[in-house]
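Have a look at the structure below, then the notes.
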Amino acid sequence: MPTPFAVPAIASYNTELYLGGPTSPASYVLLGRTGDIKFNGVSIDMVDVSNQTSTAHRMLGTLLKTGDMTFTLYWEPASTQDNALFNIILTAPPPLEAWELVWPDGQIWTFVGYLSKFAPDATIAKALTAACTITVDGTITVTAGAGPA
């Protein structure tokens, strides 16, 4: 009988979202406390490059599609950081922003994208939250560390 593979569970509790500034390199500022984080997945566009002499379909991987990141923001309306996030969604057209997601184990995901949804929920007897979506533009860089760059 094989030995069971122990996998530690790390909750998304205390995952923090940082917004990069206009400087290069970006200086990141804590923007909010997040949870229920989901990525729609990563995929690659495939092109059929077969021709009449091919004996089977020939495929070529082309562009990477990173997808959207959805998350719940635990919102404090009086917080300067949370108001900054709300102000981004009110900007038209929306700006392309630099983001960092710092996981509880210290891993950092750095990417750029558009804050494309901010839907506050003020249900009585519950925490103030906002359902948010960031549409990722390009790729995500994953690094180990203890906090934002």
Side-chain angles (χ1 to χ4, degrees), residues 1-48 57 59-149:
M1 173 176 262
T3 304
F5 183 63
V7 179
I10 299 173
S12 65
Y13 176 75
N14 280 337
T15 301
E16 298 171 330
L17 181 67
Y18 288 79
L19 176 65
T23 60
S24 181
S27 57
Y28 290 89
V29 175
L30 177 63
L31 206 52
R33 293 137 315 280
T34 62
D36 305 321
I37 303 158
K38 296 176 184 73
F39 277 88
N40 288 346
V42 176
S43 63
I44 296 174
D45 285 338
M46 301 299 294
V47 176
D48 188 337
H57 280 280
M59 304 304 291
L60 176 65
T62 60
L63 299 174
L64 177 74
K65 287 190 259 187
T66 305
D68 290 343
M69 178 184 90
T70 61
F71 59 96
T72 300
L73 171 74
Y74 295 94
W75 190 35
E76 296 179 33
S79 166
T80 302
Q81 293 93 342
D82 290 0
N83 284 334
L85 189 63
F86 184 67
N87 288 332
I88 291 171
I89 198 69
L90 295 176
T91 305
L96 183 64
E97 301 281 0
W99 303 93
E100 280 193 341
L101 193 62
V102 179
W103 298 92
D105 68 352
Q107 191 177 79
I108 304 168
W109 290 13
T110 305
F111 54 94
V112 296
Y114 296 95
L115 179 64
S116 53
K117 179 181 175 185
F118 184 91
D121 181 354
T123 303
I124 294 174
K126 286 189 173 182
L128 290 173
T129 61
C132 298
T133 301
I134 295 175
T135 301
V136 179
D137 179 46
T139 61
I140 298 172
T141 303
V142 179
T143 55

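We're numbering straight along the sequence, starting at 1. As a basis for the values below, the full set of heavy atoms in this structure was taken, side chains included, without hydrogen atoms, waters or symmetry mates.
Partners of Ala122 according to the side-chain contact (heavy atoms from CB on, under 4.5 Å) rule, which considers only residues two or more places apart in sequence or in another chain, are Leu128. Residues satisfying the side-chain contact (heavy atoms from CB on, under 4.5 Å) criterion with Ser43, sequence neighbours excluded, are Lys65. Under the salt bridge (charged side-chain N to carboxylate O under 4.0 Å, His left out) criterion, Asp48 pairs with no residue, sequence neighbours left out. Looking at residues two or more places apart in sequence or on another chain, you find a side-chain contact (heavy atoms from CB on, under 4.5 Å) between Phe71 and Leu17, Thr34, Ile37, Met69, Leu73, Cys132, Ile134. Every residue was checked against the side-chain contact (heavy atoms from CB on, under 4.5 Å) condition with Pro93, not counting sequence neighbours, and none meets it.
Annotation for Ala98 and Tyr28: closest pair CB-OH, 3.7 Å, computed over non-hydrogen atoms. In plain terms, the two heavy atoms of Trp99 and Gly113 that are nearest each other are NE1-O, 3.1 Å. For Trp109 against Phe39, the heavy-atom pair with the smallest separation is CZ3-CE1, 3.0 Å. Pairing each heavy atom of Gly35 with each of Tyr74, the nearest pair is N-CE1, 3.7 Å.
The structure places CZ of Phe111 at 9.0 Å from CD of Glu100, a figure rounded to the nearest 0.5 Å. The line from CG of Asp36 to OG1 of Thr15 is 10.0 Å long, rounded to the nearest 0.5 Å.
The side chain to side chain donor-acceptor pair (under 3.5 Å) contacts involving residues 126-138 comprise Asp68-Thr135, Ser116-Thr135, where partners must be two or more places apart or lie in separate chains.
Each of Leu63, Leu64, Leu60 was checked for a side chain to side chain contact (heavy atoms under 4.5 Å, CB included) with Asp45, and the lone residue meeting it is Leu63.
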For this session: Run the numbers on Leu19 and Val29 for side chain to side chain contact (heavy atoms under 4.5 Å, CB included), then give the verdict.
Result: CA-CA 5 Å; Leu19 176 65; Val29 175; 5.5 Å; no
For this session: Mind running side chain to side chain contact (heavy atoms under 4.5 Å, CB included) on Glu97 and Leu115 for me, showing each step along the way?
Result: CA-CA 8 Å; Glu97 301 281 0; Leu115 179 64; over 6 Å; no
